[in-house]
Amino acid sequence: MPELAEVEFFRRRWQEAAAGERVLRVLAHARARPLRGLAPSTLRRALAGKRLRSSQAAAKQIVFRFGADAWLGVHLGMSGELRVEGPDYAPGRHDHLALFTGRHALIFADPRMFGRLQLHTGRAAPAWWKAIAPPLLSPRFTIAAVAAFLRRRARAPIKAVLLMQERFPGIGNWMADEALWRAAVHPQRPAGSLAPAEIRALWRECRWVARHALRVIAGRGGRLPADLNVGIPDSWLFHHRWEAGGRCPRTGVLLRRAEIGGRTTCWSPARQKP
DNA sequence: GTGCTTGTTGGCCA
DNA sequence: GTGGCCAACAAGCA
């Protein structure tokens, strides 16, 4: 599920509940796939006794900093989520990591187990964190960079190219469809076939979707929405992508769906021409 | 039972 | 070496 804004939503859940709290107990299962071989004893040594200091989200990744030198990396994969439970919570089948403070249990759950936890110890940020591409909303995400990337991936469908994290960090299936729909670009178009004006529009709409998704999903003014996605306006493609007989919010025509770039893709034939 | 699912990776091939 | 495609990973849901 989680793309850019959902990832930020989950980061804030842990951060706002437990910032400054000390980890007293660490619970993890050695066999849990999201640990990727990371030993529970290693996690325990690195985190127990330390306070949750700060955290950041970038692309689809989160890093939580504990104490002076521990970095806990979280990738939520397809079905991961972060929850906050009470201090007496008993972890269930899909809860792969539980960090107990005196007041809370911070839970990482992931039924499909495509998610990944990483641990790094040291003063400086880990290499995998520093390697994440510049955010969509940073000045380094330029039209020129997008244009160059599209030239390099000229023969791939633009939908597939938008999913490449090395240039579009945080964009996933629904954000890609949303940006293409707003930019009026058909998802099957070869990336190299886009005119400069279309590249500019797509660049602009990627940023628009990122900015507004962060606002409505992850909140603003210090308030975290109670639920994911409830704030997304009906005028977005988002709510209509999966519904049977779904219609384009702008033109009213029936939406179309097909597998493009290996992913189910939704578009409005009235706005997006092959 | 069937056929999906908001992600990533590695192997194969041109 | 680079780019593009696909299967695999796994569990839940309709």
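A note on names: the letters A, B, ... follow the listed sequences, proteins ahead of strands, and every chain is numbered from 1. Note that this is a predicted model, so its numbers are computed, not measured.
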- Angle class for the A:Phe168/A:Phe149 ring planes (parallel below 30°, perpendicular above 60°, tilted otherwise)? perpendicular

Worksheet item: So what does A:Pro34 touch, heavy atoms closer than 4.0 Å: a base, only the sugar-phosphate, or nothing?
Response: nothing

*asked:* For the base of C:dC9 and the side-chain ring of A:Phe114, does the geometry meet a stacking cutoff of under 5.5 Å between centres and under 30° between planes?
replied: yes

Indicate whether any N or O donor in one side chain lies under 3.5 Å from an N or O acceptor in the other, for A:Glu198 and A:Trp203. no

Closest of B:dG7, C:dA10, B:dT8 to the A:Met113 side chain is C:dA10

Hey, can you tell me if A:Phe64 and A:Phe66 have their rings parallel, tilted or perpendicular (30° and 60° cut-offs)?
tilted

Of the listed C:dC5, C:dA10, B:dG7, the closest approach to the A:Ala156 side chain comes from C:dC5

Among C:dA10, B:dT6, B:dG7, the one nearest any side-chain atom of A:Trp174 is B:dT6

Side-chain contact check for A:Arg116: nearest option of B:dT8, C:dG3, B:dG7 is B:dT8

> So, is A:Arg112 close to the B:dG7 phosphate, meaning a side-chain N or O under 4.0 Å from OP1 or OP2?
Replying inline: no

Whole-Å distance, A:Phe10 CZ to B:dT6 P, equals 16 Å

Q.
If the cut-off is 4.0 Å, is A:His94 near the phosphate of C:dG12, judged by side-chain N/O to OP1 or OP2?
A. yes

Identify whether any heavy atom of A:Ala154 sits under 4.0 Å from a base atom; if not, whether one sits that close to sugar-phosphate; answer base, sugar-phosphate or nothing.
sugar-phosphate

A:Glu81 CD to C:dA11 C1', in whole Å, measures 14 Å

Here the gap from A:Leu76 atom CG to A:Glu81 atom CD, rounded to the nearest 0.5 Å, amounts to 8.5 Å

Rounded to whole Å, CG of A:Leu162 lies from C1' of B:dT6 at a distance of 14 Å

* **Phosphate contact (B:dT6 OP1 or OP2) by A:Arg263 side-chain N/O below 4.0 Å** => yes

A:Leu76 CG to B:dT8 C1', in whole Å, measures 13 Å

Separation of B:dG7 atom P from A:Lys159 atom NZ, nearest Å, is 9 Å

- [ ] Rounded to whole angstrom, note down the C1' distance from B:dT6 over to C:dG4.
- [x] 23 Å

Next on the checklist: Can you confirm whether more than 12 heavy atoms, excluding those of A:Arg36, are under 6.0 Å from its CZ atom?
Outcome noted: yes

Sugar-phosphate, base or nothing in reach of A:Arg257, heavy atoms under 4.0 Å = nothing

Atom CD of A:Gln61 and atom C1' of B:dT6 are separated, to the nearest Å, by 16 Å

Taking for A:Leu163 and for A:Glu259 the nucleotide of DNA chain B with the nearest heavy atom, the one nearer the 5' end belongs to A:Glu259

Re B:dT6: Watson-Crick or G-U wobble partner, both distances kept under 3.5 Å, found to be none

When rounded to whole Å, the CG to P distance for the pair A:Asp110 and C:dG12 reads 11 Å

From the candidates C:dG3, B:dG7, C:dA10, the one with an atom nearest any side-chain atom of A:His75 is B:dG7

Look at the rings of A:Trp208 and A:Trp236 and say which category their plane angle falls in: under 30° parallel, 30 to 60° tilted, over 60° perpendicular.
tilted

Side-chain atoms of A:Arg155 come closest, of C:dG4, B:dT6, C:dG12, to C:dG4

Whole-Å distance, A:Glu6 CD to B:dG7 C1', equals 12 Å

